[in-house]
Amino acid sequence: MNYENVMKLALERGFYFPSCEVYGDAQAGFWEYGPSGVGLKNKFLELWRRELVRRDGMLEIDGSQIMSKSVFEASGHLGSFADPIIKCTNCKSTFRADRTIAEMAKIDIPESADLEDFDKAIKENDIKCPKCKGTFENTKKFNMMFKVGIGPEEEIAYLRPETCQSIFVDFPRLFKIMRGKLPLGIAQVGKSFRNEIAPRQSLLRLREFYQAEIEVFCNPARLQEIERFEEIQDTVIRVQTESEPVSMTCKEAVERKIIPNKFVAYYLGILTEFYEKTGIDITKSRFRKLGEKEKAFYAEVAFDFEVETTIGWLELVACNYRSDYDLSSHAKKSKEKFEVMDNDEKVLPHVFEISMGIDRSLYTILEHSLKDDKENERTVLSLKPYLSPIHVGVLSLVKKDGLKEKTDEIYVKLKRKFDAFLDHSGAIGRRYRRLDEIGSPFAVTVDHQTLEDETVTIRMRDSMEQKRVKVSELDSILGEYTSFP
RNA sequence: GCGGAGUUAGUUUAGUCUGGUAUGACGUCAGCUUCCCAAGCUGAAGGCCGCGGGUUCAAAUCCCGCACUCCGCACCA
């Protein structure tokens, strides 16, 4: 199914919808998750914790969304997260100052240069708008970070543009008090904020968005020594270094030097295993190795995990080897010590980052799971049972003859353990289809036989088959089918 | 940010040229009926027609501005 179908489902069934929609001054790039969306998101994150955080013995923290100016001076975001832009006085088009000058006059000015340098170059080389030959306004800096004023004096701080900075600045304390040993993963889920010029496509480019980030601190001298590599050496990943993605095992990827070391390969491996369990079609995925110009300013080696959807390849995760970029800049700026002992060696750890976009991942799960079942005239959201916002619908075949009361009784028993949904209203087929659309994998139906022998039917979403089971067994059956893998 | 197209109920849609406050479908709710896959009947709720301004006796409709959505360009640590 395509973007339009997913959007319709999202709006009709409460997965997500525009923020502040009743007001005309609502800004673009802000969306809310409704009940179904929150259900899916919570379960997705639980899976992430199981498959990455707990599997690897990582620490999870929850940091501030507003962070001080110093953090971003050290991180480089105040300098490099801003683009020098020029605007044409005639046609109002905007361009990157450094790129336009490089293109038109063959002069390289670093993007972090003073704004006067750009203006000077434009004047001296008589650079005009490439579109309409108009003249340019003075160069401005466009920083993607949201500024906030703190306290009555409105001291400047920023909404974080990525969650990971708290992991870096908290590292010295965490390593000490949590008795850390390299390699050590520290994880965080939370919101980040970027003032995108053109937010678009609902969850795919937001100004306020969720990230699940992992920073693995490691000794750069020991990147070939990761013990747990054996666990994933035979896991098949798809890697694209040139034109087409190629499937290979993690072991092969390291041997052929497509991935630089076992350490990076291990994390790409467990990441692939995680995404496989979300129900995303992994044959439509790739780790795309980024070229020099595409990489973020802090990255030494970078792989984007991308998945193909009906609107093209979507970047779900950025995997960056950030070297000691972050720790050394924070050490220098804060004058704190960031070195730690690894066996008998004092090292400033390097960082490998797995920066996941949660919103885009959820969209992709929805798109890959949404099926148009023409044969049975229904729309089915074939979510993995453990990700479904509703685990089980509890339905009465008819309301009369005491079936309603019996159904209520069963619902009360189930609802504290499972995400259960009670429904008495309308024809039974209609109720099944409603459940199909929000991805509920099971429906329990109470009929006349229930009153006689304490059995109910349990209907499977995907096959539409039904089995008769004892009410007393529901707990264990549902528990088994809806538990995380 | 530039260019283009659009915005009418939860969703989808007619009406806009040719001005007279809105149509159908699906969905929702209640009742009856049937009782295992969107059946039927009856009834109901739900719209300041994206927002603001202008023209007019009168604006969903004409004009202007803005916002948002989608497409293309640019941008995307």
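Per chain, numbering begins at 1; letters A, B, ... match sequence-line order. This one's a predicted model, so the numbers in the text were calculated from it and none came from an experiment.
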Using the salt bridge (charged side-chain N to carboxylate O under 4.0 Å, His left out) criterion, which residues pair with [X]? Sequence neighbours excluded.
X        : answer
A:Lys406 : A:Glu409, A:Glu454
A:Arg200 : none
A:Lys371 : none
A:Arg360 : none

Sugar-phosphate, base or nothing in reach of [X], heavy atoms under 4.0 Å:
X        : value
A:Arg431 : nothing
A:Ala26  : sugar-phosphate
A:Asp447 : base

Between the protein and nucleotides 25-27 of chain B, list the N/O to N/O atom pairs that are separated by less than 3.5 angstrom.
from   : atom 1 : to       : atom 2 : distance (Å)
B:rG27 : OP1    : A:Arg430 : NH1    : 2.7

Table please: side-chain donor-acceptor pairs of residues 9-19 of chain A below 3.5 Å, with sequence neighbours left out.
from    : atom 1 : to       : atom 2 : distance (Å)
A:Arg13 : NE     : A:Glu437 : OE1    : 3.0
A:Arg13 : NH2    : A:Glu437 : OE1    : 3.4
A:Ser19 : OG     : A:Glu32  : OE1    : 3.2

Item to complete: Would you please name every residue forming a ring pair (Phe, Tyr, Trp, His ring centres under 6.0 Å) with A:Phe146, sequence neighbours left out?
Response: none
Worksheet, complete the sentence: Residues passing the side chain to side chain contact (heavy atoms under 4.5 Å, CB included) test with A:Glu208, sequence neighbours excluded, are A:Phe30, A:Lys191, A:Phe193
With respect to the side chain of [X], which nucleotide from [options] is positioned closest?
X        : options                : result
A:Tyr3   : B:rU69, B:rC36, B:rC70 : B:rC70
A:Tyr432 : B:rU34, B:rA39, B:rC37 : B:rC37
A:Leu397 : B:rA74, B:rC35, B:rA38 : B:rC35

Fill in: Residue pairs fulfilling side-chain hydrogen bond (donor to acceptor under 3.5 Å, both in side chains) with at least one residue in residues 438-447 of chain A, sequence neighbours excluded
A:Tyr432-A:Thr445, A:Asp447-A:Thr450, A:Asp447-A:Arg468
Worksheet item: With sequence neighbours left out, which residue pairs that include part of residues 321-332 of chain A fulfil the salt bridge (Lys or Arg N to Asp or Glu O under 4.0 Å) condition?
Response: A:Glu162-A:Arg322, A:Arg322-A:Asp326, A:Arg322-A:Glu353
Worksheet entry | Rounded distance in Å - CZ (A:Phe30) to P (B:rC68) | 10 Å
Fill in: Stretch residues 201-215 of chain A: residues that reach within less than 4.0 Å of RNA chain B through a heavy atom
A:Gln201, A:Ser202, A:Arg205, A:Gln211
Item to complete: Could you check which residues of residues 459-467 of chain A get a heavy atom under 4.0 Å from RNA chain B? Sort them by number, please.
Response: A:Arg459, A:Met464, A:Gln466
Worksheet item: Would A:Asp119 and A:Lys123 pass as an ion pair if we require N to O under 4.0 Å?
Response: no
Worksheet, complete the sentence: Checking N1-N3 plus N6-O4 or O6-N4 for Watson-Crick, or N1-O2 and O6-N3 for wobble, each under 3.5 Å, the partner of B:rU21 is none
Worksheet item: Does OP1 or OP2 of B:rC35 have a side-chain N or O of A:Lys400 closer than 4.0 Å?
Response: no
